[in-house]
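Reviewing the structure listed below.
Each chain gets a letter, A, B and so on, in the order its sequence line appears, and its residues count up from 1.
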There are 2 protein chains.
Amino acid sequence: MDKPLILVTNDDSIVSPGIRTLIEVMKEIGHVAVVAPDSPQSGMGHAITINNTLHLDKVLLDKDLEYEYSCSGTPVDCVKMAVHEILKRKPDLCVSGINHGSNSSINVIYSGTMSAAVEAGIEGIPAIGFSHLDYGWDTDFEPVKKYVKKIALEVLQNGLPDGIVLNVNFPKADKGEIKGMKVCRQAKAMWVEEFDKRINPQGKEYYWLTGEFINQDKGHDTDEYALENGFVSVVPVQFDLTAHHAIQTLNNWDL
Amino acid sequence: MDKPLILVTNDDSIVSPGIRTLIEVMKEIGHVAVVAPDSPQSGMGHAITINNTLHLDKVLLDKDLEYEYSCSGTPVDCVKMAVHEILKRKPDLCVSGINHGSNSSINVIYSGTMSAAVEAGIEGIPAIGFSHLDYGWDTDFEPVKKYVKKIALEVLQNGLPDGIVLNVNFPKADKGEIKGMKVCRQAKAMWVEEFDKRINPQGKEYYWLTGEFINQDKGHDTDEYALENGFVSVVPVQFDLTAHHAIQTLNNWDL
């Protein structure tokens, strides 16, 4: 069988240690094409660029790669440009990350990393987003490499159920050696925002978004529980957002 | 009973005819607070501003309003700032829109309008996103006003099931008089991108994102079908993205 074509992207930008690690692991499995943002795009969610132009630049960070491009757009733009403008055929797999910081629980919805994976899923490409709870650029990715490879190989072998992508998070190093992987549901948690209000040199107020992550979901089947206990969390994520179970309730309304 | 506090936002910016219509209708129901983007934010999805500062400006477009602010951020930022920085109590309802353009089907995932509603839902606020398939700024919103009011009143009276917000779309005017409302599921459709490649005055290539909307979902229970037939579509949207039905399949993998 021919080697699979693997599209690699992220949201921390093409020079981040996380994506370079992911490229390194994927090169052991297949032909790798990289299209990733030219600047940090964390928190961009599923944003696309429609009111501005997009730019692509050939990058030469890895001499083994035929396709390595930085893009001025969002992570979702990167996937669209890769599939519809750059690559000659549809990739067999799309991997996004490894993100520097958590995309577990409700973070999935704000995450550029996961939105890139979701966009690939919408395009019919099996896709996985990887994130590490240690957000520093000096994070040691060595212990997670074998899990990245194993999950990618499983997805290449089994495919994914229709309409599903995977959200994979790695626990913090202070949890000790990784204990294994757990398939989980997204914990019901949220951010409680606090805006850091400051005054600029011209005397005008401005704000920085900050906040505290609050998890009140005590379930043992959640991603937060798995990560807290030193496991890799694997959550199947869907992009049909319809709450099918609520349709009957609404049909009883006087609409 | 006291009049409800209603937060109004959108993604087309605070001066768009769609949000001014929504404000007008909500003033008939409750106390209205407006926090909306100071510039167009279409296609921003669930983006938040974490690598940049945020600015708020008091706006005086409507003398009836105690709270009317423009914000430099995304629609999701607007909701966060309204709830955690501006308002003294949690709103009883959040409405977003009326968007100039469709947010039916897969568009929900790219939509700043809907992401603002989802963010309010995450905060525990009943929320509705409204969108009109006619995207022109000269769209006649008169025929949709009574539906906007009716749905808002229903949500205020009944609340919404836990973890759900509503995605409401209005059909194009060329479908004739609106025939009523239908509770629907999101159609399985997608955009097939074509990038419009151009050359800038310096000789460098750049791109505009364009594309064609392809709906291969022939179901009569979809939002696309309702809209095509002159009905208002009402889709319950959830923000627990876990594909619960896929967990068992993944548990059979050798992870």
With a 4.5 angstrom heavy-atom cut-off, which part of [X] approaches chain B: side chain, backbone, both or neither?
X: A/V118; answer: side chain
X: A/P161; answer: side chain
X: A/V165; answer: neither
X: A/D57; answer: side chain
X: A/E119; answer: side chain
X: A/E193; answer: both
X: A/V235; answer: side chain
X: A/K204; answer: side chain

Best-contacting candidate, [options], against chain B by heavy atom pairs under 4.5 angstrom:
options: A/V108, A/V183, A/D223; result: A/V183
options: A/M81, A/K197, A/K188; result: A/M81
options: A/V234, A/V232, A/N52; result: A/N52
options: A/D196, A/L56, A/T249; result: A/L56
options: A/L255, A/I109, A/L209; result: A/I109

Taking the side chain from B/T242 and the backbone from A/Q186, do they hold a donor-acceptor pair closer than 3.5 Å? yes
Using the side chain to side chain contact (heavy atoms under 4.5 Å, CB included) definition, which of the options A/Y206, A/W208, A/F195 pairs with B/L54?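 Among A/Y206, A/W208, A/F195, the one that satisfies the side chain to side chain contact (heavy atoms under 4.5 Å, CB included) with B/L54 is A/F195.
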side-chain contact (heavy atoms from CB on, under 4.5 Å), that's the test. Do B/I164 and A/H245 meet it? Break it down for me. CA-CA 10 Å; B/I164 305 292; A/H245 62 280; 4.0 Å; yes
B/D240 and A/Q238: CA distance, side-chain angles, deciding distance, side-chain contact (heavy atoms from CB on, under 4.5 Å) verdict: CA-CA 9 Å; B/D240 174 1; A/Q238 62 192 351; over 6 Å; no
Under 4.5 Å, counting heavy-atom pairs only, tell me which of [options] racks up the most with chain A.
options: B/E194, B/E205, B/R185, B/H46; value: B/H46
options: B/Q157, B/M181, B/H55, B/E85; value: B/E85
options: B/T210, B/V83, B/T49, B/I50; value: B/I50
options: B/G43, B/S72, B/S105; value: B/G43
options: B/I151, B/V76, B/T74, B/V155; value: B/V155
options: B/G45, B/A47, B/G112, B/P236; value: B/P236

So for atom NZ, which belongs to A/K179, do other residues, nucleotides or ligands contribute more than 12 heavy atoms lying within a distance under 6.0 Å?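 Count over threshold, so yes.
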Does atom CG (A/D221) have a neighbourhood of more than 12 heavy atoms from anything else shown, all under 6.0 Å?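 Yes, CG of A/D221 has more than 12 neighbouring heavy atoms, counting only those of other groups under 6.0 Å.
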What's the separation between atom [atom1] in [X] and atom [atom2] in [Y], rounded to the nearest 0.5 Å?
X: B/E123; Y: A/W191; atom1: CD; atom2: CH2; answer: 13.0 Å
X: B/I122; Y: A/M190; atom1: CD1; atom2: CE; answer: 8.0 Å
X: A/C184; Y: B/I247; atom1: SG; atom2: CD1; answer: 7.5 Å

Decide yes or no on side-chain contact (heavy atoms from CB on, under 4.5 Å) for B/L166 and A/L250, but give the supporting numbers first. CA-CA 10 Å; B/L166 297 184; A/L250 294 177; 3.7 Å; yes
Do the side chains of A/D254 and B/K150 get close enough for a salt bridge, i.e. N-O under 4.0 angstrom? yes
Does any part of the side chain of A/V192, heavy atoms only, come nearer than 4.5 Å to the side chain of B/H84, both counted from C-beta?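 Yes - at least one pair of side-chain heavy atoms lies under 4.5 Å apart.
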